[in-house]
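See below for the structure under consideration.
Here is how names work: the chains are called A, B, and so on, in the same order as the sequence lines, proteins then strands, and each is numbered from 1.
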There are 2 protein chains.
Amino acid sequence: MADHKRARIQDVAEQAGVSMMTVSRVLNQDKKVSDKTREKVMAVVEQLNYRPNVSARRLASTKSFFLGLLYDNPSDTYISQFLLAALKKCRTLGYHLIVDEAHADINKTIESVKQLIDVTQVDGMILLPPMCDNEAVLDVLTKADVPFVRITPDTKLNRSPYICMDDYQAAFDVTEHLINQGHSKIAHIIGDTKQGVSRMRYQGYLDALRSNQIVTPPEYIEQGSFTYQSGMEAAMKLLSLDDKPTAIFAANDDMAAAVISIAQKQGINIPNELSVVGFDDTQLATVVWPNISTVRQPINEMAELSITLLASGQYSDLSNVKSLDLRHILDFELIERESSSIKSN
Amino acid sequence: MADHKRARIQDVAEQAGVSMMTVSRVLNQDKKVSDKTREKVMAVVEQLNYRPNVSARRLASTKSFFLGLLYDNPSDTYISQFLLAALKKCRTLGYHLIVDEAHADINKTIESVKQLIDVTQVDGMILLPPMCDNEAVLDVLTKADVPFVRITPDTKLNRSPYICMDDYQAAFDVTEHLINQGHSKIAHIIGDTKQGVSRMRYQGYLDALRSNQIVTPPEYIEQGSFTYQSGMEAAMKLLSLDDKPTAIFAANDDMAAAVISIAQKQGINIPNELSVVGFDDTQLATVVWPNISTVRQPINEMAELSITLLASGQYSDLSNVKSLDLRHILDFELIERESSSIKSN
DNA sequence: CCAGTGAAAGTTAGCGATAACATTTGTTGG
DNA sequence: CCAACAAATGTTATCGCTAACTTTCACTGG
């Protein structure tokens, strides 16, 4: 099917009747190329299906075409999804992703990041939570002038471009989803207080109730910590109330799964007697029965965008970037499954 | 801390008083270097902390220093773990990992693999299940003379080196673990029949019982399919028997989690009235309550070994490799958690 | 004693791209 | 109409390494 030899920049240059340098300029978005030439070159690039040799490029240029990814907890479900999407995007853009795990000892993490900067010479870094809020790491990167993108950061939002979703709105929507199904006794299990998203989700829940003129007793609010265990404890309290809620919105899927488990233990039918919704759309949401209605984070899009931003180089100098341009909010998706359904009053 | 400039092969050559080529030979394990010279060079390499520039190396040599990884289902928990370990190992060996997802349409997958061979020119491939048993993929790789390693393959074991764990022994051990705790009424939920591991695990279960002179009624064997749903159905049958089992060995964690859920619904205390063990040690095992006793696959070791094997080049010509040398069996680990414990007669 | 041999080490010429500088072409105003 | 400068394109050297060839040198045996 494809030609046996891979096309080189020289082949493109000859075919297009220009110099190699001009082709290189077109490929690197150098402005000093006339539109006519650019089109001519791009046509040949398409025709020969030319892709630059990453290694040659890296060897010759000052850029390394390496991007770094710093993650923390490898068992978090979304790491793999983020990683796979990021790797794919990197491949199409001719970058390589160097993946680094944060160490329990923060100093070792910093040492490792410094290595990425000095030895590997990464062109940019992606910081996943919670490392994206670690000030020491941010300082190292800032001082070394390495651009970085943070995913759903919680603090210091003016220090770098960042990508997030609208947790507040998602919580609002998922609560309203319950309301639309006829529920008014809606309880909420708050997430870990140390994470900003817990606040946002709680606030979205509150505002959805308020905008629908629904008042709930304070006992309907339980504090959790994103763990299954904490969800069980919260569920037991909520389900032992005299005036039980008919729906529970847990701030993540783990806690929602715990609610389901406790409810089933008590012989409460889901969703007929109790609707449950979670948040995150982790694997857990479809592995328990009934499947959990939840909110899906746009993880793939986040991964792709973070690579695109770093590859574009538009953030290599932050001094003249408006702080509004730093924020990238992506759309979430409400996913309705069996754990919540029309309330049959 | 570290010197600002990264050492080049030339620096090593000068410092050691030899030519660059000699250094290159030492680094590439070329046999035609005297021991004395080799030691001298290695000493300088250590001293300068020299690491070859991957890009220059790739550009100049016939090897690409790219390895391909073909995976199938991105939501499988172990993909991310395998991937992270593989990436790490690649980094230390100066390789890059190109990750590719199998397409639902097998022809597209094949096309993609051909691309990896022709365009990216990978030095080797890693095939994760179930792609490792796809004959068309194996044929493409064999025909193109690209070495490949398969992870826990099921068939055609003579076609390539492969890495697996002893599912039979693990099942034997986990069953005996239950026996040692005083159980004799031990049921088993078999996994998906299409996967060879199901057979192995079932056989291990049977043999553990037999070697302990335990006889169980045929109703204690239920057929599942590795899904939560199938686990629920099996559990309901097992727990409605007149002579209920006191322990259930499910062939994976999903089905074990389902058993726990059903048991709790029926008010059966775990582990006091019923012990449950799973298999795989997925995230699920620690996210439900009680945590599931299970068998951990040595995923990290598998990933590292697969990279090491391909990087070593020892399988670049299979014609003179004994079939016994193809097999690499790694140790598993029995993990005891709350779902199984000493039976209080 | 020296041609013949083979192991060990060195030399040269790229791999495929870009940086830096050099050159050509185009545009403007006086 | 052309100097004067900017925009567009070309030329050359080089990035760090290895393949392929060449040289050196120690050791044979007739």
Restricting to side chain to side chain donor-acceptor pair (under 3.5 Å), what partner residues turn up for [X], sequence neighbours left out?
{"X": "A:Lys63", "value": "A:Tyr95"}
{"X": "B:Asp72", "value": "none"}
{"X": "A:Asn53", "value": "none"}

Just jot down the salt bridge (charged side-chain N to carboxylate O under 4.0 Å, His left out) partners of [X], sequence neighbours excluded, or say none.
{"X": "A:Lys156", "answer": "A:Glu135"}
{"X": "B:Lys114", "answer": "none"}
{"X": "B:Asp139", "answer": "B:Arg159"}

Looking at C:dT18, I'd like to know if its phosphate oxygens (OP1 or OP2) sit under 4.0 Å from a side-chain N or O belonging to A:Asn28. yes
Hey, does the side chain of A:Arg8 come within less than 4.0 Å of C:dG16's phosphate (OP1/OP2), counting only N and O?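 It does, given that an N or O in the side chain of A:Arg8 lies less than 4.0 Å from OP1 or OP2 of C:dG16.
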Rounding to the nearest 10°, end axes of the helix from C:dC1-D:dG30 to C:dG30-D:dC1 built from five pairs each make an angle of 40°
Below 3.5 Å, can you tabulate the donor-acceptor pairs from side chains in residues 10-17 of chain B to any protein atom, sequence neighbours excluded?
{"unit_1": "B:Asp11", "atom_1": "OD1", "unit_2": "B:Arg8", "atom_2": "NH2", "d": "3.2"}
{"unit_1": "B:Asp11", "atom_1": "OD2", "unit_2": "B:Arg8", "atom_2": "N", "d": "2.8"}

Enumerate, atom names and distances included, each donor-acceptor pair closer than 3.5 Å involving a side-chain atom of residues 37-49 of chain B, sequence neighbours excluded.
{"unit_1": "B:Thr37", "atom_1": "OG1", "unit_2": "B:Ser34", "atom_2": "OG", "d": "2.7"}
{"unit_1": "B:Arg38", "atom_1": "NH2", "unit_2": "B:Val33", "atom_2": "O", "d": "3.4"}

Name all pairs fulfilling the salt bridge (charged side-chain N to carboxylate O under 4.0 Å, His left out) condition that reach into residues 86-107 of chain B, sequence neighbours left out, sorted by first residue then second. A:Arg91-B:Asp100, A:Asp100-B:Arg91
Pairs under 3.5 angstrom, nitrogen or oxygen only, protein versus nucleotides 20-22 of chain C, please.
none

Mind listing the closest non-hydrogen atom pair of B:Ala85 and B:Glu304 along with its distance? O-CG, 4.4 Å
Nucleic acid contacts of residues 33-42 of chain B, taken as heavy-atom distances under 4.0 Å to DNA chain C: B:Val33, B:Ser34, B:Thr37
